[in-house]
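Notes follow the structure.
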Amino acid sequence: MRPEISAEEFKAYAGRQLAPSEWVVIDQARINQFAECTDDPQFIHTDPERARQESPFGGTIAHGFLSLSLLSEHGPPDFPAIRDVAFALNYGLDKVRFLSPVPSGSRVRIHTRVLSVEEKAPGRLLMKQEKTMEIEGQDKPAYVAEHLGMLVLRPAG
């Protein structure tokens, strides 16, 4: 059960490591769908036989942006429900480093550390989180990213 807290209480989450997300399988069907919707059919993503023969990866790998896109909805199960929030916006990324390819068929999960929560304007909190994608069975993560989210608070009253 997610804790329910106020926006003011959420500010104290700065520096907190949260629980990892659930495992997600990055299978070839998902990779192919991403290739189709982003117009990126490069063989290292979409042609298993050719990727096995011609790439250094031994098979197909997920697009970096496919793995990165998962950070939006695959968050920590213990992220609190913040009573005062009307909605949250993806505010962008400050830094992203892709460290390891994600082979097709891999299971991944995302670790989250809240770096900061600061009031940017009345009724708006900017949250910066470090997101690290773990690949099951590998020591090196797929990526480390600083993700920004803008929490828009409900008007008081």
Side-chain angles (χ1 to χ4, degrees), residues 1-3 10-82 85-118 120 124-152:
M1 178 128 169
R2 294 180 348 148
F10 182 61
K11 291 177 184 177
Y13 271 63
R16 188 177 292 196
Q17 180 73 42
L18 301 176
S21 69
E22 296 294 320
W23 289 103
V24 176
V25 176
I26 307 297
D27 60 15
Q28 192 61 50
R30 184 185 292 238
I31 293 169
N32 291 345
Q33 287 175 328
F34 191 85
E36 186 175 324
C37 75
T38 59
D39 296 327
D40 185 1
Q42 187 177 178
F43 82 93
I44 63 171
H45 304 303
T46 61
D47 188 333
E49 187 56 37
R50 186 174 172 199
R52 214 175 348 274
Q53 293 173 3
E54 297 180 30
S55 81
F57 309 115
T60 55
I61 59 170
H63 303 73
F65 285 126
L66 166 56
S67 60
L68 190 62
S69 73
L70 298 176
L71 67 77
S72 293
E73 288 302 320
H74 294 279
D78 58 342
F79 191 89
I82 305 168
V85 171
F87 58 91
L89 297 170
N90 180 353
Y91 202 67
L93 300 158
D94 270 353
K95 181 178 171 183
V96 179
R97 295 294 179 265
F98 294 106
L99 304 172
S100 294
V102 177
S104 177
S106 294
R107 285 178 13 126
V108 299
R109 66 181 176 178
I110 298 171
H111 296 263
T112 300
R113 184 165 57 99
V114 178
L115 297 175
S116 62
V117 180
E118 61 181 272
K120 293 305 278 186
R124 293 180 186 265
L125 295 178
L126 180 63
M127 168 182 57
K128 181 187 279 192
Q129 302 172 82
E130 179 183 78
K131 300 282 191 166
T132 304
M133 178 176 273
E134 174 188 4
I135 306 168
E136 187 175 43
Q138 292 190 26
D139 292 332
K140 202 173 199 183
Y143 63 76
V144 177
E146 290 181 3
H147 181 230
L148 304 174
M150 182 65 72
L151 304 177
V152 179

Inset, instruction - Please determine if R109 and E134 form a salt bridge, counting it only when a charged side-chain N lies under 4.0 Å from a carboxylate O. - result: yes
Inset, instruction - Apply side-chain hydrogen bond (donor to acceptor under 3.5 Å, both in side chains) to R50 and list each qualifying residue two or more places apart in sequence or on a separate chain. - result: E54
Inset, instruction - Quick one: list whatever passes side-chain hydrogen bond (donor to acceptor under 3.5 Å, both in side chains) with H45, sequence neighbours left out. - result: none
Inset, instruction - Assess whether atom CD of E36 is packed by more than 12 heavy atoms of other residues, nucleotides or ligands within 6.0 Å. - result: no
If you look only at distance, which donor and acceptor atoms sit under 3.5 Å apart when one is on a side chain in residues 14-24 and the other is two or more places apart or in another chain?
residue: R16; atom: NH1; partner: Y13; partner atom: OH; Å: 3.4
residue: Q17; atom: NE2; partner: T112; partner atom: O; Å: 3.1
residue: S21; atom: OG; partner: I110; partner atom: N; Å: 2.9

Inset, instruction - To the nearest 0.5 Å, tell me how far S104 OG sits from D27 CG. - result: 6.5 Å
Inset, instruction - Taking all non-hydrogen atoms of both residues into account, name the closest pair between P77 and R2 and its distance. - result: O-CG, 3.2 Å
Inset, instruction - State, yes or no, whether a side-chain contact exists between R113 and T132 at a heavy-atom distance under 4.5 Å. - result: no
Inset, instruction - List the atom of V85, the atom of A88, and the distance in Å for their closest heavy-atom pair. - result: CG1-N, 4.4 Å
Inset, instruction - Heavy atoms only: give me the nearest F79-I82 pair and the separation to one decimal. - result: CE2-CD1, 4.3 Å
Inset, instruction - Find the distance between OH (Y91) and CZ (R124) and round it off to the nearest 0.5 Å. - result: 8.5 Å
Legend entry - Value rounded to 0.5 Å, distance of CG in D94 from CG in L148: 4.5 Å
Legend entry - Shortest non-hydrogen separation from R30 to V25 and the atoms involved: NE-O, 3.7 Å
Inset, instruction - Name all residues meeting the side-chain hydrogen bond (donor to acceptor under 3.5 Å, both in side chains) criterion together with D47; count only those two or more places apart in sequence or in a different chain, and write none if there are none. - result: none
Inset, instruction - Quick one: closest heavy-atom pair of G92 and H147, and the distance? - result: O-CD2, 3.5 Å
Legend entry - Among R97, K131, K95, K128, salt bridge (Lys or Arg N to Asp or Glu O under 4.0 Å) partner for E146: K128
I'd like a table of donor-acceptor pairs (distance under 3.5 Å, sequence neighbours excluded) in which one partner is a side-chain atom from residues 59-74, with atom names and distances.
residue: T60; atom: OG1; partner: Q28; partner atom: OE1; Å: 2.4
residue: H63; atom: NE2; partner: D40; partner atom: O; Å: 3.0
residue: S67; atom: OG; partner: G64; partner atom: O; Å: 2.8
residue: S69; atom: OG; partner: L66; partner atom: O; Å: 2.7

Inset, instruction - Measure from the side-chain N and O atoms of S106 to the backbone N and O of I135, and report whether any donor-acceptor pair falls under 3.5 Å. - result: no
Legend entry - Exercise: identify the closest heavy-atom pair between P41 and A35: CA-CB, 4.2 Å
Legend entry - By side-chain hydrogen bond (donor to acceptor under 3.5 Å, both in side chains) - contacts of Y143 (at least two apart): none
Inset, instruction - Please round to the nearest 0.5 Å and tell me the distance separating atom NZ of K11 and atom CD of E118. - result: 10.0 Å
Inset, instruction - Would you give the length of the straight line joining atom CD of E130 to atom NE2 of H111, rounded to the nearest 0.5 angstrom? - result: 11.0 Å
Inset, instruction - Report the distance from atom CZ of F43 to atom CD of E49, rounding to the nearest 0.5 Å. - result: 12.0 Å
